[in-house]
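As structure tokens, the structure follows; a few thoughts come after it.
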There are 2 protein chains.
Amino acid sequence: MAQRTGHRAAPEHTHPDDVPVLTALAALADPVRIVLVRELADSGDWTRSCGSFDVPVGKAALSHHFAVLRGAGLVEQRDEGPRRVNRLRRSEFEARFPGLLELVLREEPTV
Amino acid sequence: MAQRTGHRAAPEHTHPDDVPVLTALAALADPVRIVLVRELADSGDWTRSCGSFDVPVGKAALSHHFAVLRGAGLVEQRDEGPRRVNRLRRSEFEARFPGLLELVLREEPTV
DNA sequence: ACGAGTGTTCGATGGGAAGCGAACACTGAC
DNA sequence: GTCAGTGTTCGCTTCCCATCGAACACTCGT
């Protein structure tokens, strides 16, 4: 049931509070996803669509990475017209895993 | 070169300062290694030999896990007679990755 | 010198995750 | 309605990592 107004199925979200540490760590232990999180942190909420990130992977893989980030409570998504815009759940994630996000963000951008 | 007194080759260590974030995260993103770190945190330095941990893996895998932990700057090892005793590099790791270790330690022991 | 206890290394196996291309679904503009 | 743009899903391949068993190395008793 739920609304069948022709809208696209809303993405499933997981709140950081419901995320095990291992899931959070695994989500962040990937080069591509780290880039996504960093770029997201440098942008305003709801300003970046999924396709607007500078990562060397195709659409399919990208979609998968965002699913992982959602599942780890790191990213919130909202449908805005044809595209899906993102927001880093900074405060919520920080409340659940103090210091973790900061750690990933304030790190060597260039390896 | 180096002492050839018949001693076993000392294990290679990596200082936390030389460890990339990704390596640290990847090292902690494993159930077995998390248990090792937690048990190690609850024990005094140099009191636990490699074989004294309650993890459901064989010696070979265990040895590998400790190598990973060493490579991530999480564990220091010293040969003591026939066994290899361990120490969690708590303060050094905490200085390099503030909050990370605490995060892993103060978490649901039972999933 | 021998044997028990402890760890490491080697080779092989299995499973899971990341990647791609193609096909499909939805939105908005024309 | 049709088309271009955007993302998801599906099937498949590839690669990496965790694991095991067996063999080897070292230390310490006896």
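Just so we're on the same page: letters track the sequence lines, and every chain starts at 1. Just so it is clear, the structure is predicted and the values come from calculations on it, not from any experiment.
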With sequence neighbours excluded, residues passing side chain to side chain contact (heavy atoms under 4.5 Å, CB included) with B:A41: B:L88, B:R90, B:L105
Side chain to side chain contact (heavy atoms under 4.5 Å, CB included) involving A:P98 - partner list, sequence neighbours excluded: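 A:P98: side chain to side chain contact (heavy atoms under 4.5 Å, CB included) contacts with A:E94, B:L103, B:R106.
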Shared-cluster residues of B:W46, by chain and number - hydrophobic side chains joined below 4.5 Å: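 Hydrophobic cluster check, B:W46: joined to B:V85.
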Side chains of A:R70 and A:H13, donor plus acceptor under 3.5 Å: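 There is no such pair between these side chains.
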Of all pairs that satisfy salt bridge (charged side-chain N to carboxylate O under 4.0 Å, His left out), the ones with a partner from residues 10-20 of chain A, not counting sequence neighbours: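 Qualifying pairs: none.
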Selection residues 41-60 of chain B - residue pairs positive for salt bridge (charged side-chain N to carboxylate O under 4.0 Å, His left out), sequence neighbours left out: B:E39-B:R48, B:D45-B:R87
Find the distance [X]:[atom1] to [N]:[atom2] and express it as a whole number of Å.
X	N	atom1	atom2	answer
B:R78	D:dT27	CZ	P	16 Å
B:L28	D:dC17	CG	C1'	16 Å
A:D79	D:dT6	CG	C1'	10 Å

Residue B:H65, side-chain atoms from C-beta onward, closest of C:dG19, C:dA18, D:dA18: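 Selected nucleotide: D:dA18.
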Could you list the protein-to-nucleotides 5-9 of chain C atom pairs, N/O on both sides, closer than 3.5 Å?
from  : atom 1 : to    : atom 2 : distance (Å)
C:dG7 : OP1    : B:S49 : OG     : 3.4
C:dG7 : OP1    : B:C50 : N      : 3.2
C:dG7 : OP2    : B:G51 : N      : 3.0
C:dG7 : N7     : B:K59 : NZ     : 3.1
C:dG7 : O6     : B:K59 : NZ     : 3.2
C:dT8 : OP1    : B:R84 : NH1    : 2.8
C:dT8 : OP2    : B:S63 : OG     : 2.6
C:dT8 : O5'    : B:S63 : OG     : 3.2

